[in-house]
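First listed ligand is number 1; within each ligand, the first listed atom is number 1.
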Amino acid sequence: MFAQRIQHLTSSIIREILAAAQQPGVISFAGGLPAAGSFPEPDWCSLPTRLKQYGMSEGEPELREAIAAEARSKGISCDASQVLVLSGSQQGLDLASKLFIDPDSHVLVESPTYLAALQSFRLFQAKCDGVPLTANGLDIEAFEAQIRTNQPRFSYLIPSFQNPSGTCYGPAERQAVAEVLDRYELPLVEDEPYCELDYDDVPKPPICSLVKKAPWIYQGSFSKVLIPGLRVGYLIAHPVLMPHLVRLKQAADLHTNRPGQWLALEYMRSADKPQRLARLQSFYRERRDAFAAALDAEFSDIADWQVPSGGLFFWLKLKNVRDTRPLLKPALAAGVAFMPGEAFFAEENPPVGFLRLNFSHTEPELMVEGLRRLRKVLLEA
Ligand code: PMP
């Protein structure tokens with residue numbers, strides 16, 4: 001009855017865990033939820049009436065202009081004609097999958113990488129090859145070797161405050177990746193939803209601003225800086241890719257919701273945008289620091305980690321290495337949720353012993369208690 005690809009449709013473990021983590025009394029370090037207290041209260045009454053009509057597939061022209069201007073300020077040479085507004089940046093992964101992947105095509109991903117990107121690429125029957133991350137970049141030799149061996153269709157990278165590892169590529173590492181991409185003219189999908197959630201002001205030149213020959217797609221999102229429920233994100237694409245992406249977007253959903261785009265534009269244009277972002281960064285910086293202190297107190301004898309300079313996650317490696325998936329059930333029973341690290345690896349037999357812990361969602365007063373519950377599970381299971 002179903003298309004063959006449905007055999008490759010995996011359910012996202014995140015969705016399942018999130019449902020369980022919403023039980024009353026559970027302290028959840030599982031999802032990547034922005035803190036609800038950071039959301040603005042839009043004045044929907046001032047929504048222009050014309051936005052009730054169908055809109056353009058590419059997105060609202062003024063929003064595309066504003067996105068292009070911001071991208072130029074980051075060093076990306078582009079204009080508004082290269083901007084496609086998306087129904088969440090997640091949609092960009094679906095469009096890139098449709099554009100590049102045939103059954104058995106290879107795709108290069110970071111190891112570990114964003115779970116829902118793997119879900120999308122696998123639905124289109126890609127073979128995902130993982131390239132190990134280093135402390136501040138990608139294992140560049142492994143990257144080049146994979147390109148030579150597997151001739152991937154594209155590489156998918158999250159260079160700033162990566163999900164799940166928190167890794168942020170340094171400028172030299174970004175340059176090295178750009179040079180390899182250019183050497184093989186390998187398309188890049190650069191996914192940057194966490195870019196603005198920078199707590200230590202680190203330099204982050206987009207890799208697509210450094211490539212000279214390779215085609216690229218750069219993705220951003222309003223989910224982390226505004227409201228995730230709006231489902232508004234965007235991509236900016238090299239001119240050779242853009243016409244295909246616009247048609248794929250048309251075929252998928254005609255266009256992104258216009259009230260959400262209007263709100264995103266209000267945000268982009270607001271005079272206090274820099275102050276708003278600074279407030280958000282300091283709010284999350286405090287939570288990051290509180291979580292780091294709680295980890296130091298509760299976990300320093302059982303795990304290793306690096307404090308992330310941005311984003312929403314700590315990535316822990318257990319000293320007593322073992323598969324963390326079977327720990328999830330006892331953890332939920334003990335009133336704490338986490339993300340088992342194994343789910344983020346492309347390999348069939350993933351490396352074990354990793355946990356992803358979200359620090360943005362939990363009130364600081366509950367962090368120590370949540371980590372104590374998790375520690376007990378780790379020591380007893
Ligand atoms: N890419 C990455 C790496 C993410 O972590 C997420 C959301 N957690 C997305 C894309 C999707 O974001 P959205 O669709 O909300 O813009």
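Considering only non-hydrogen protein atoms, atom 16 (O) of ligand 1 sits nearest to Ser221 OG, 2.6 Å. Among all non-hydrogen protein atoms, the one lying nearest atom 1 (N) of ligand 1 is Asp191 OD2, 2.5 Å. Remark: minimum distance from atom 9 (C) of ligand 1 to any protein heavy atom is reached at Tyr114 OH, 3.5 Å.
Only the side chain of Tyr194 comes within 4.0 Å of ligand 1, judged by heavy-atom distances. Heavy atoms of Ser89 found under 4.0 angstrom from ligand 1 belong to the backbone as well as the side chain. Counting heavy atoms closer than 4.0 Å to ligand 1, residue Glu192 contributes nothing at all.
The shortest distance between side-chain heavy atoms of Glu190 and Pro206 falls below 4.5 Å. At least one side-chain heavy atom of Leu245 sits under 4.5 Å from a side-chain heavy atom of Leu99.
Counted by atom type alone, Tyr184 and Gln151 present zero donor-acceptor pairs between their side chains at under 3.5 Å.
Note on Arg64 versus Glu60: no salt bridge recorded, every NZ/NE/NH1/NH2 to OD/OE distance being 4.0 Å or above. Comment: Arg287 engages Glu363 in a salt bridge, judged by a side-chain N to carboxylate O separation of less than 4.0 angstrom.
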Handout entry: Intermediate values then yes/no, salt bridge (charged side-chain N to carboxylate O under 4.0 Å, His left out), Glu196 and Lys74
Key = CA-CA 11 Å; Glu196 322 305 333; Lys74 293 180 186 169; 3.2 Å; yes
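Below 4.0 Å from some heavy atom of Ser223 lie the following atoms of ligand 1, by number and element: 13 (P), 15 (O), 16 (O). Here is the list of ligand 1 atoms found below 4.0 Å of a heavy atom in Arg231: 13 (P), 14 (O), 15 (O). Within the listing of ligand 1, atoms 1 (N), 2 (C), 3 (C), 4 (C) sit less than 4.0 angstrom from a heavy atom of Pro193. Near Gly88, meaning under 4.0 Å from any of its heavy atoms, are these atoms of ligand 1: 14 (O), 16 (O).
By the ring pair (Phe, Tyr, Trp, His ring centres under 6.0 Å) test, Phe345 is found to be paired with Phe354, residues two or more places apart in sequence or in another chain being considered.
A cation-pi contact, defined as under 6.0 Å to the ring centre and within 45° of the axis, links Arg356 to Phe313.
Look at Gln162 and you'll find every heavy atom at least 4.0 Å from all atoms of ligand 1.
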